[in-house]
S.K.: 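Okay, here's the structure, questions in a sec.
Sequence positions, counted from 1, serve as the residue numbers for this chain. Computation of the quantities below employed the complete heavy-atom set of this structure, encompassing side-chain atoms and omitting hydrogens, waters and symmetry-equivalent molecules.
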Amino acid sequence: MMLLIGLFSVLNVYAQKNPHAGYVITNQGDTIHGMIDFFSDERCARECKFCVSGDTKYVTYSPTEIQGYRLESGGVYYVSRTFPVDGIEKTLFAEFLLQGGVSLYRHIEGSREYFYLVDEEGNVEELCHLPAVSFGEEESQKAYKKAYLSAVRIFKKSPYTINLFGQTRMERDKLTQLVRAYDEEYCAESGNCVQYSYEAKKTIGVKPHFVVEAGYDFGEVRVGGYTFKGNMPQFSAGCEFEFPRLSKNFYAHALLFYSPWEVKAKNHSKDIKVKFKYGGLMLGGGYKLTKWGFVQPFVNAGIRFAHYSNLKGAHVGSYLTSDQSDSGYNVDLYGGTGLRVPIKKIQLMVTMNYSGSIMKERDKTTVSGLTLKASVVY
């Protein structure tokens, strides 16, 4: 548990900056290049943390202090606008998706996703998406019906677009395509549309990777009050998740693991042999430390929910005889360290973890000890 607390303390200290090259546009129309501290959609809507090129100090701008800001190379673009949010007018940095006869903006607040359609006369129509999983089916449908009426008003020149809106999921890319098609057909006199597309990799909130691992457990097995020592192979596979807009160094993982155990010992001159299958789910996270050349060390910690099955043994007190079998569950905490080496699009990892069971009952079968393993992260 202390390993988990320590890991997230490190994260809290170091995950304060997520710098990306970009620029701000002042209220006088000047463009200043530097680094933008790029985090969640909600924080990006409230403020812009900016550091001028050649400086190290970040300055925080509110939506009233600058016209907007953008990441370099066609990155996400935020502009200062005043829009209704849940019935209240707010000045915020809205994500600018499309400029044309009808322009499109996006804003996130909590679980609510807002889209704003602004026509040539400055009329604003709000489309609010409430996910049914968060607000319930009834509230989600009410919000959709209200959005549909807004679409009817803004796309009044095109019954086809209104009908198409009714068949379109309220998502950024799909709405951008729909509004762009409308602009190109019905708003040609407003000039060419400008779509502020961006590279998804630069703005993605969660970046998943596939992981496969193989290694060896050097551990201690407790069965019915008896302790055995041994080592067995362990195999695992699953996903690792990076959070680029939270921290470049923090990651989480979810892995399924399996290890076939067979251990022997002596009990009053009798051979004791126990074998069983051990597997389950590992949930945890890690933090990448400062690189040593091309090698990057890391620390990790987590919890392991395990199940043992087909447990068989002989002469283990009165707990098991050679013709009996048993199964059950176990919960472990684990933590450790390792090294990561990037090779083109994959990463190789070497990890050393120590795990210990938190199950204290005497009749439980528990596994604890050291695990050494090699991993490939795609």
S.K.: Do Ser368 side-chain atoms and Gly356 backbone N/O form a donor-acceptor pair below 3.5 Å?
M.R.: no
S.K.: Do Ile162 and Tyr186 belong to the same hydrophobic cluster, where Ile, Leu, Val, Met, Phe, Trp and Tyr are linked whenever their side-chain heavy atoms lie under 4.5 Å apart, directly or via other members?
M.R.: yes
S.K.: Does a side-chain N-to-carboxylate-O contact under 4.0 Å join Lys49 and Asp37?
M.R.: no
S.K.: Could you check whether Arg340 and Gln347, counting side-chain N and O atoms only, form a donor-acceptor pair closer than 3.5 Å?
M.R.: yes
S.K.: Got a sec: does the OH of Tyr258 have more than 12 other heavy atoms crowding it under 6.0 Å?
M.R.: yes
S.K.: State, with a plain yes or no, whether a side-chain heavy atom of Leu97 is found less than 4.5 Å away from one of Tyr105.
M.R.: no
S.K.: Quick one: NE2 on His129 to CZ on Arg169, what's the gap to the nearest 0.5 Å?
M.R.: 7.0 Å
S.K.: Here's a test for you: under side chain to side chain donor-acceptor pair (under 3.5 Å), which of Glu137, Glu138, Lys145, Glu139 qualifies with Gln141?
M.R.: Glu137
S.K.: Any idea which heavy atoms bring Pro233 and Pro260 closest together, and the distance?
M.R.: O-CD, 3.5 Å
S.K.: Stepwise, does the side-chain contact (heavy atoms from CB on, under 4.5 Å) test hold for Leu339 with Gln296?
M.R.: CA-CA 6 Å; Leu339 299 173; Gln296 186 167 37; over 6 Å; no
S.K.: In this structure, would Val212 and Met349 fall into the same cluster of hydrophobic residues linked by side-chain contacts under 4.5 Å?
M.R.: no
S.K.: Counting the benzene-type ring for Trp, do Phe93 and Tyr69 have ring centres under 6.0 Å apart?
M.R.: yes
S.K.: If every non-hydrogen atom of Asp55 is compared with every non-hydrogen atom of Cys51, which pair is closest and at what distance?
M.R.: O-SG, 3.0 Å
S.K.: How far does CD1 of Ile66 sit from OG1 of Thr26, to the nearest 0.5 angstrom?
M.R.: 9.0 Å
S.K.: Would you say the side chains of Thr91 and Thr82 form a donor-acceptor pair under 3.5 Å?
M.R.: yes
S.K.: State whether a side-chain donor-acceptor pair under 3.5 Å links Asp217 with Gln234.
M.R.: yes
S.K.: I want to check something: taking the side chain as every heavy atom from C-beta on, are Val124 and Leu117 in contact at a cut-off of under 4.5 Å?
M.R.: no
S.K.: Could you tell me whether the side chain of Tyr334 reaches within less than 4.5 Å of the side chain of Met282, counting heavy atoms only?
M.R.: yes
S.K.: Would you confirm whether Ser103, through its side chain, and Gly100, through its main-chain N or O, come within 3.5 Å as a donor-acceptor pair?
M.R.: yes
S.K.: Indicate whether any N or O donor in one side chain lies under 3.5 Å from an N or O acceptor in the other, for Glu72 and His33.
M.R.: yes
S.K.: I'd like to check Cys128 versus Tyr144 (side-chain heavy atoms, cut-off strictly below 4.5 Å). Are they in contact?
M.R.: no
S.K.: Is a donor from one side chain sitting under 3.5 angstrom from an acceptor on the other, for Asn300 and Tyr287?
M.R.: no
S.K.: List the atom of Tyr116, the atom of Val85, and the distance in Å for their closest heavy-atom pair.
M.R.: OH-CG2, 3.5 Å
S.K.: Check for a donor-acceptor pair, side chain of Glu240 on one end and backbone N or O of Val211 on the other, with a separation under 3.5 Å.
M.R.: no
S.K.: Please check if Val341 and Val377 belong to a single hydrophobic cluster, counting links between Ile, Leu, Val, Met, Phe, Trp and Tyr side chain heavy atoms closer than 4.5 Å.
M.R.: no
S.K.: Are Ile36 and Ile32 connected in the hydrophobic side-chain network, where two residues link if heavy atoms are under 4.5 Å apart?
M.R.: yes
S.K.: Both conditions, 6.0 Å and 45 degrees, for the charged tip of Arg304 above the ring of Tyr354: are they met here?
M.R.: no
S.K.: Might you work through the side-chain contact (heavy atoms from CB on, under 4.5 Å) test for Tyr61 and Glu47, ending with a clear yes or no?
M.R.: CA-CA 6 Å; Tyr61 293 105; Glu47 62 187 26; over 6 Å; no
S.K.: Take Phe38 and Cys44, measure what side-chain contact (heavy atoms from CB on, under 4.5 Å) needs, and give me the verdict at the end.
M.R.: CA-CA 7 Å; Phe38 187 60; Cys44 286; 3.6 Å; yes
S.K.: Does the side chain of Ile343 come within less than 4.5 Å of Leu348's, by heavy atoms?
M.R.: yes
S.K.: Aromatic contact between Phe243 and Phe250, with the criterion being ring centroids under 6.0 Å apart: yes or no?
M.R.: yes
S.K.: Can a donor-acceptor pair be found, under 3.5 Å and without considering hydrogens, that links the side chain of Ser150 to the backbone of Glu126?
M.R.: yes
S.K.: If you measure from the Lys or Arg side-chain nitrogens to the Asp or Glu carboxylate oxygens, is any gap between Lys156 and Glu125 under 4.0 Å?
M.R.: no
S.K.: Can you tell me if Thr337 uses its side chain to pair, donor with acceptor, with the backbone of Phe298 under 3.5 Å?
M.R.: yes
S.K.: Find out whether Tyr114 and Pro84 are in side-chain contact, i.e. whether some heavy atom of one side chain is under 4.5 Å from a heavy atom of the other.
M.R.: no
S.K.: Measure the shortest side-chain to side-chain distance between Leu281 and Phe257 over non-hydrogen atoms and say whether it is less than 4.5 angstrom.
M.R.: no
S.K.: List the atom of Gly110, the atom of Ile108, and the distance in Å for their closest heavy-atom pair.
M.R.: O-CG2, 3.8 Å
S.K.: Indicate yes or no: does Glu95 engage Arg172 in a salt bridge with an N to O separation below 4.0 Å.
M.R.: yes
S.K.: For Ser111 versus Phe135, what's the shortest heavy-atom pair and its separation?
M.R.: CB-CE1, 3.7 Å
S.K.: Answer with yes or no whether the side chains of Asn330 and Ser357 bring together a donor and an acceptor at under 3.5 Å.
M.R.: yes
S.K.: Does Leu283 share a hydrophobic cluster with Ile358, counting links as ILVMFWY side-chain heavy atoms below 4.5 Å and allowing steps through other members?
M.R.: yes
S.K.: Any idea which heavy atoms bring Phe115 and Met170 closest together, and the distance?
M.R.: CE1-O, 3.9 Å
S.K.: Within a strict 4.5 Å, meaning less than it, do heavy atoms of the Cys48 and Val24 side chains meet?
M.R.: yes
S.K.: Just by distance, do the side chain of Ser140 and the backbone of Gly136 share a donor-acceptor pair under 3.5 Å?
M.R.: no
S.K.: Would His253 and Phe241 satisfy side-chain contact (heavy atoms from CB on, under 4.5 Å), going step by step from the backbone distance to the final call?
M.R.: CA-CA 6 Å; His253 57 242; Phe241 303 94; 5.9 Å; no
S.K.: In Å and rounded to the nearest 0.5 Å, what is the OG1 to CG distance from Thr371 to Asp332?
M.R.: 9.5 Å
S.K.: Spell out, as yes or no, whether a donor-acceptor pair under 3.5 Å connects the side chain of Asp183 to the backbone of Val102.
M.R.: yes
S.K.: Here's one to test your reading of the geometry: is the NZ or CZ of Arg70 within 45 degrees of the ring axis of Tyr23 and under 6.0 Å from its centre?
M.R.: no
S.K.: Closer than 4.0 angstrom, basic N to acidic O: yes or no for Glu109 and Lys90?
M.R.: yes
